[in-house]
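Just dropping this structure here.
Keep in mind that this is a model prediction, so the values were computed, not measured. Letters A, B, ... are given to chains in the order of the sequence lines, protein chains preceding strands, and every chain is numbered from 1.
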Amino acid sequence: MVRLSIAYLRDRPFTTLLNIILLGLATATLIILVTVSTQLGTRIEKDARGIDLVVGAKGSPLQLILSSIYQVDAPTGNIPAGTVDLLRRNPSVAQVIPLALGDNFRGFRIVGTEPAYLDLYGATLASGKMNMKEGEALIGADVARVTGATLGQQFVGSHGLGSGEGAGQHEHDPMTTVGILKPTGTVVDRLIIVSVPTVWHMHGIEHDHDAEHKDGEAHSHEEGHDHAEEAKPDLNDLATGGERTEMQADVTALLVKYRNAMGAVSVPSLINAQAGMQAAVPAIETTRLLSFLGVGLDAIEMLGWLIAFTGGLAIFVALLNALDAREKDLALLRVMGATKGSIFGTILVEGLLTAALGAILGVLLGHGVIAAAAATSPRLQELGLNAFAFHPAELAIIGAVLGIGILAALIPAIRLFRVDLTQILARAA
Amino acid sequence: MDAPAPTVTAVANLHYAIGGRTIIGDLSFAQKAGEHLLLLGASGVGKTSLINLLTGLATPDKGSVSICGEDMASLPGAGRDDLRRRTTGIIFQTLRLISALSVRDNLRLAQLLATGSVDDSKINGLIDAVGITHRADARPRQLSQGEAQRAAIARALVGKPRLIVADEPTSALDDHNAEIVAKLLLDRAEEEGATLLIATHDQRLKAYLPNSMTLQKAA
Ligand SMILES: Nc1ncnc2c1ncn2[C@@H]1O[C@H](COP(=O)(O)OP(=O)(O)O)[C@@H](O)[C@H]1O
Ligand SMILES: [Mg+2]
């Protein structure tokens, strides 16, 4: 009897295909939604764990959080390195991790920091040495995988935080890969970790020139979409670099952990009192970010269910139409010995089968789209989007889609259940 | 000595009217196993109505219809369905092959419904016997009228019925195909141990079935 349902589905391939596609699209939309929102949520939460406060240059607090914790946006600017000591002297502060940004190697950000940064994310070595002497670099698991970099390999960083064409290479000593980190499922996987002085050295800070080089404004432009603007900072450097004689050792941001609850009261006000500096609380900013996202995600979710509902309606209409044409076939089945129940069953199976094929298509499509998106968009890769992680909610989505298929078939099946099929045949014989 | 052949169909004092118009008035006949019967009659005389009564698709107003010793008319709906399924293979005037299924799958489905299981060697045997081996995987609408008729005959036989009723099996066929189908029906019925009842206005069939009865228009 299932073969009969399949035969009927194959007998009207276009309608069947359309219905499968509709339900497939709905399933895919919902699966993409669940996957992206949960993976994003987990990632956002994981990367910010153990960071109570981020200190950086004035600007958008969200931008500061995105650039320093998630390494996705441009930094707001730089702050004097002296701020590190200022905070470390504060009794309410347990830990201060400096970050110095400004360069990339083939699109992977080079982060000047301290070993505590690696501890924060539980990063351990896959091979090599956990060394961060000047000119030495530890590379994240994804960096190693994508660039194919091996231990001892030398590389030269490029200006800017992305791999845009406008970014020029430093004419300084190359860095040497001394360690490759194990995958952590955090932002570290996509970073090249060096010491803060290594970053300074790249920018010639110790050689008493070109301090302006690390100007935050420049980086803001470089991270933007407009590649034409990326040339500007370099021109700017050439024009103004010589005039800046004062030696300036800057950092981009500080990741702060409080020792006690007093920190939350005293540290932000201390920072906000400093000229050109701000303190941003990751928890607040990420909540804000997620609530913005949430509105969009809700809309997408509604769209997904709307498509699913349309798919259900399409199955309903298709079955209703088909049953008119098929009444005599089904009457014949009754005459040949099929019970009312089994006829009822074939129709339900037809709805269920369509929905099941739709669900399978949707799962493949959903994960396929995520995989394709992750493969083509470095930004999504940075967010650590994994197409092959299955979320339990997907089962609920599949269940709901199957339910829609059965429900859509139920009404036509009941309608047929109520007519005396054998009379149809007698009348038309 | 052989045991006396069992009665396959027994129709007694049958009355049937549609919308107050008498279609069949006081009809009686009986068939013992192996007694094939040709039921002749002009169009509109009530042959198809009689087949509906014999197969339990219609209920007589008076009289009885018994198939293999069970009274069709007195059974409830489900009982009729079951009696029909166990005893009778029907060849409809319009054949009613399921167009979404291949010839073979039509047979398989019919066998599954009649017997609860599928016996492919039996099905292949029947397909060979009616001479449509090369068309077994075709859809019904791809068949010629003669081929479709043969497919319907094969389908009527898959459940090993004791009675085969055929409604105008040759009316749409030329002489050559009519002969093939008539001989096939007789051969297969003999082979499978089924008793034939053929209702038709096709006088050509008298040449193949000596035992005939002419239905008259009810007064
Ligand atoms: N459902 C019906 N409603 C009204 N009249 C019918 C119906 N079925 C058959 N008839 C009439 O009953 C008569 C016998 O029909 P039928 O049994 O199909 O004859 P035959 O098969 O011998 O050609 C015809 O006059 C036909 O018009
Ligand atoms: Mg007729």
Side-chain angles (χ1 to χ4, degrees), chain A residues 1-17 19 318-347 349-351 353-354 357 409 412 416-429, chain B residues 16 18-19 46-59 77-78 80-102 104-116 118 139-141 152 155-156 158-159 161 165-168 199:
Chain A
M1 292 299 270
V2 172
R3 281 178 67 122
L4 182 67
S5 302
I6 295 170
Y8 278 134
L9 288 173
R10 286 177 50 176
D11 207 37
R12 47 192 165 90
F14 293 111
T15 312
T16 303
L17 205 65
N19 295 345
L319 280 176
L320 217 55
N321 282 337
L323 289 190
D324 281 342
R326 215 189 290 165
E327 236 174 14
K328 285 179 187 156
D329 279 7
L330 298 174
L332 174 83
L333 295 179
R334 288 278 293 117
V335 168
M336 291 196 308
T339 59
K340 277 193 160 196
S342 61
I343 301 270
F344 190 78
T346 35
I347 296 160
V349 165
E350 217 173 307
L353 222 55
T354 310
L357 289 173
L416 203 68
F417 201 76
R418 291 155 72 138
V419 298
D420 187 347
L421 287 171
T422 57
Q423 289 313 303
I424 291 171
L425 209 65
R427 219 180 304 130
Chain B
Y16 182 59
I18 299 174
K47 302 180 297 295
T48 299
S49 302
L50 178 62
I51 286 180
N52 287 342
L53 292 164
L54 285 167
T55 52
L57 298 177
T59 312
R80 284 187 204 185
D81 291 345
D82 193 51
L83 178 58
R84 180 197 314 119
R85 182 181 62 76
R86 283 185 288 113
T87 59
T88 312
I90 311 174
I91 301 166
F92 293 93
Q93 181 167 2
T94 48
L95 305 183
R96 307 217 172 284
L97 295 165
I98 293 174
S99 62
L101 298 175
S102 68
R104 187 191 305 281
D105 283 342
N106 264 279
L107 265 60
R108 292 170 62 109
L109 183 58
Q111 193 178 48
L112 180 71
L113 291 173
T115 68
V118 174
R139 294 296 188 87
R141 58 174 158 268
R155 189 182 63 182
V158 286
V165 295
D167 195 354
E168 308 281 9

>> Just to verify, what does B/R104 make a side chain to side chain contact (heavy atoms under 4.5 Å, CB included) with, not counting sequence neighbours?
In response: B/S102, B/R108, B/I123, B/N124, B/I127, B/A136, B/D137

> Roughly how far, to the nearest 0.5 Å, is the CG atom of A/L333 from the CG atom of B/L109?
Replying inline: 5.5 Å

> What closest approach, in Å, do B/R96 and A/K328 show between heavy atoms, and which atom pair accounts for it?
Replying inline: NH1-CD, 3.7 Å

> Which atom pair, heavy atoms only, marks the closest approach of B/A110 to A/M336?
Replying inline: CB-SD, 3.8 Å

> With only heavy atoms counted, which part of B/I90 is less than 4.5 Å from chain A, the side chain, the backbone, both or neither?
Replying inline: side chain

> Is it the backbone or the side chain of B/D105 that comes under 4.5 Å from a heavy atom of chain A, or both, or neither?
Replying inline: side chain

> Looking at residues at least two apart in the chain, or sitting in another chain, which of them share a salt bridge (charged side-chain N to carboxylate O under 4.0 Å, His left out) with A/R12?
Replying inline: A/E350

> Do you know which of B/R80, B/R155, B/R86 has the most heavy-atom pairs with chain A at a distance under 4.5 angstrom?
Replying inline: B/R155

> How long is the span from the NZ atom in A/K340 to the CG atom in B/D81, to the nearest 0.5 Å?
Replying inline: 9.5 Å

>> Less than 4.5 Å apart, side chain to side chain, heavy atoms only: is that true for A/V335 and B/T55?
In response: no

>> For a quick test of reading the model, state the closest non-hydrogen atom pair linking A/A7 to B/L101 and the distance between them.
In response: CB-CD2, 3.1 Å

>> Is B/R139 close to chain A through its backbone or its side chain, or both, or neither, when contacts mean heavy atoms under 4.5 Å?
In response: side chain

> Minimum heavy-atom separation for A/D329 to B/S99, with atom names?
Replying inline: OD2-N, 4.3 Å

